[in-house]
Amino acid sequence: MQETPSTCPYCGVGCGVIIESTGSQITGVRGDPNHPANFGRLCTKGSTLHLTATSTITLQTRLLQPQHRAQRGDKPQPLPWDAALAMAADRFASTVTQHGPDAVGFYVSGQLLTEDYYVFNKLAKGLIATNNIDTNSRLCMSSAVAGYKQTLGADAPPACYDDVHHAQCLFIVGSNAAWAHPVLFRRIEDARAANPGMKVIVADPRRTDTAGMADLFLPIQPGSDVMLFNGMLHLMLWEGWVDASYIAAHTTGFDALKALVRDATPERVAQVCGISVADLTTAAQWFATGATGDPQRRKATLSLYCQGLNQSSSGTAKNAALINLHLATGQIGKPGAGPFSLTGQPNAMGGREVGGLANLLSAHRDLANPAHRAEVAALWGVADVPSQPGKTAVEMFQAAADGEIKALWIACTNPAQSMPDQATVRRALQRAEFVVVQEAFATAETCAYADLLLPATTWGEKTGTVTNSERRISRVRSAVPAPGQARHDWAIAVQFAHQLEARLRPGQPTLFPYATDHADAGAEAVWNEHRASTRGRDLDITGLSWETLESQGPQQWPFAADAATGKARLYEDGIFPTTDGRARFAAHAWQPTAEPRESRYPFSLTTGRLRDQWHGMTRTGTLGRLFGHVAEPSVQLHPQDMERRGLHNGDLVHVTSKRGSIVVPVQADATLGLSQAFMAMHWGSEFLSGSSSTGERLAGVNALTTSVFCPTSKQPELKHAAVKVLKA
Ligand code: SF4
């Protein structure tokens, strides 16, 4: 039996695993006791990885060879790799030649490895000269990125998992960590058991399992987070709980924020958020003082937050308003203190590091900065990088639906289920003239729209690196060979790039000199190019070779050439990566949700994860035991709302928004507030029948959600839609 250290491919905790295998068969998985993210622990999803990898359904649903559809709706037919790549290159080259580079778009994934991401970014921005590359990380972390940059100056989570053990007050907001980040949640439980004085505040519209451990639960109305944070600051100022010396020494912009929060009186905040003034006051006091109640004996407060803040039409404001609280109280840059965004996907961080978003460039460089564009062009050996920002996720599919983007390349993600406003996404996939889907699983809804399907490797087969929520880079290693004709994502992108170069810049040396026939060497060459691009940047990893990762294990960035180790936490010196070295307060007034509930749509629908399922269930949905926790989809309502409508558990109901409707059983759930509804995000068309407002068949809860997005981060409001619920 062979044992291969790697990582879990699910959430951003980034747990280390040991994969057991015999020949080409994965036989087991266990937590890696030496990995600092989990020290051997795994949750239900992670500990069943070997079963999902080898289940009969998985083996039947893997894509194992390139396939082509002569006509949309036809059964796809196999074709050789060379022919498939030549076809893709012909179609992309002719589209670029006839309509310009911005007529093509790449939609990739926070589940890709950093090396995959790097090559796709260089392919779009360096070779084709379009910034039309975005990723499902736009649906996940882009508000966190924008919030960090707006306030702290860089997209760098300042805290680390170990801070959980040093915090005296934990403020968990917009995160059901007990289900979405289970191994981190175990750590929180351990920290609390070791420190009975620790106070936990949870703010969430639902009384989740995470809220079950709270000393103070704030059942806020959906979308009222900014009002809550501004109200807490109002009280901190009134009571003298802010840290005036920290504000004076390390920040700018406090006066404007002070003026803004003057109106966030406790009474108004209590009314908008739906909580009591007493609870608001307790939250403000615990946060500011680290639960001591006394600013002279201030202890550490750590905030943990996730999609409840990010997936919002005011996502950047929510992130920034929370970070304001840390800056105003000096709760940052010391053990146990700081704002700490929990990454949804396993490598949304790595994607950000290589600049794999439509508005970013390699190594946290900005597209809008001419010097940054020149640096990246020089690194890649191209004349320039286009300055026009690319289309972000929602914009890209809207542009395809409008006929502006004509060729789409989708890798390792399933927009026909996961994007909001499914009707528009499906129109985009139908209207696009050429759609390539690079995937491991044929069951992904998006495969039905592909003209060309390219089989990709997946967990247990891939090699490269990922970065978890705490900036820790881990090696991902292959335990078994690629099945069938599947190839690694980065290698497919490189081979396509070579074909495209022959058509767009014949006779010139390749921009992609990586050996695709030696997976480890090729991926390491990509990694080394990425490393070089970070020199002198906030995430400098020039000191972190694959050899170092091999000998010293997973490491946090930054890890510069002259460093012996990475940095556990940032800003301990109070100096921030801004032009004047000071953090910036951001003054954001509260805005209601994009689609407040009203008489025709009287419920606030929120969405979220289940404990034992992952995304569109292409992997976790293959294993019966993972349905033991929740067996089937449902919409949950407060028991009083059900009674008022004459509904009983299991009744079928139509849940309808302005965009679509689904039919689903209803279940009573007293963890919700009145006039609220909740649905899990995972169930696709196999489990849920739905239709658009014009009658088209759609999959899952995103038939209902809105694509309205935050104007700064462009992250859509997947967390809230106004719906009506009627008996079917
Ligand atoms: Fe995998 Fe996340 Fe579970 Fe860890 S907590 S085993 S990374 S799903």
Side-chain angles (χ1 to χ4, degrees), residues 4-20 26 28-53 109-114 137 140-141 157 160-162 164 172 175-191 208-210 304 306-307 340-351 458-460 462 464-477 479 553-554 556 608-623 625-626 628-630 680-682:
T4 308
S6 190
T7 61
C8 171
Y10 293 122
C11 81
V13 178
C15 297
V17 297
I18 306 285
I19 306 172
E20 298 164 1
I26 291 176
V29 68
R30 64 179 197 274
D32 182 348
N34 298 317
H35 197 291
N38 58 318
F39 298 107
R41 280 177 166 163
L42 294 177
C43 73
T44 331
K45 293 189 289 286
S47 60
T48 50
L49 270 165
H50 59 302
L51 301 176
T52 55
S109 168
Q111 320 240 346
L112 289 175
L113 308 187
T114 301
S137 300
C140 173
M141 299 307 293
C160 60
Y161 295 149
D162 190 48
V164 166
I172 305 176
S175 158
N176 184 9
W179 286 14
H181 297 95
V183 168
L184 175 62
F185 191 72
R186 296 284 93 77
R187 202 155 168 172
I188 294 170
E189 290 178 322
D190 288 351
T208 59
D209 274 19
T210 306
L304 300 171
C306 197
Q307 306 308 346
F340 190 3
S341 56
L342 301 179
T343 318
Q345 300 191 82
N347 198 33
M349 285 282 287
T458 185
W459 178 84
K462 299 185 70 156
T465 57
V466 290
T467 310
N468 72 2
S469 298
E470 62 165 357
R471 295 173 278 107
R472 187 176 298 280
I473 296 168
S474 297
R475 279 280 277 114
V476 172
R477 296 180 179 87
Q556 288 175 277
R609 282 189 181 162
L610 295 174
R611 192 193 68 190
D612 292 351
Q613 295 294 343
W614 179 256
H615 282 193
M617 301 165 78
T618 47
R619 187 192 301 276
T620 51
T622 64
L623 193 62
R625 79 161 70 165
L626 292 178
H629 181 229
V630 176
M681 59 184 263
H682 309 286

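Whatever order the structure lists them in is the order used to number ligands and atoms, beginning at 1.
Residues Q307 and M141 come closest through the heavy atom pair NE2-SD, 4.1 Å.
Between C8 and L49 there is a side-chain heavy-atom pair separated by less than 4.5 Å. For the pair L184 and F340, the minimum side-chain heavy-atom distance is 4.5 Å or more. A heavy-atom distance below 4.5 Å is found between the side chains of H181 and C306.
For atom 2 (Fe) of ligand 1, the closest heavy atom belonging to the protein is C11 SG, 2.3 Å.
The atoms of ligand 1 that sit less than 4.0 Å from any heavy atom of K45 are 8 (S). Of all the atoms in ligand 1, the ones that sit under 4.0 Å from a non-hydrogen atom of V183 are 4 (Fe), 5 (S). Of all atoms in ligand 1, listed by their number and element, those nearer than 4.0 Å to a heavy atom of Y10 are 8 (S). Heavy-atom proximity to G14, at under 4.0 Å, picks out these atoms of ligand 1: 7 (S).
Inclusion of C43 in the first shell of atom 4 (Fe) of ligand 1 is not supported: no N, O or S atom falls under 2.8 Å. In summary, C15 places no N/O/S atom under 2.8 Å from atom 1 (Fe) of ligand 1, failing the contact criterion.
The shortest separation from a heavy atom of L42 to ligand 1 is under 4.0 Å, placing the residue in contact.
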(message) Assess the residue pair D612 and T620 against the criterion (side chain to side chain contact (heavy atoms under 4.5 Å, CB included)); give the C-alpha distance rounded to whole Å, side-chain angles, the decisive distance to 0.1 Å, and a yes or no.
(response) CA-CA 8 Å; D612 292 351; T620 51; over 6 Å; no
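Judged by distance alone, the side chains of N468 and T343 never bring a donor and an acceptor atom under 3.5 Å apart.
Of the heavy atoms in C8, only side-chain atoms (C-beta onward) come closer than 4.0 Å to ligand 1.
The backbone N or O of L610 lies less than 3.5 Å from no partner atom in the side chain of H629, so there is not a single donor-acceptor pair.
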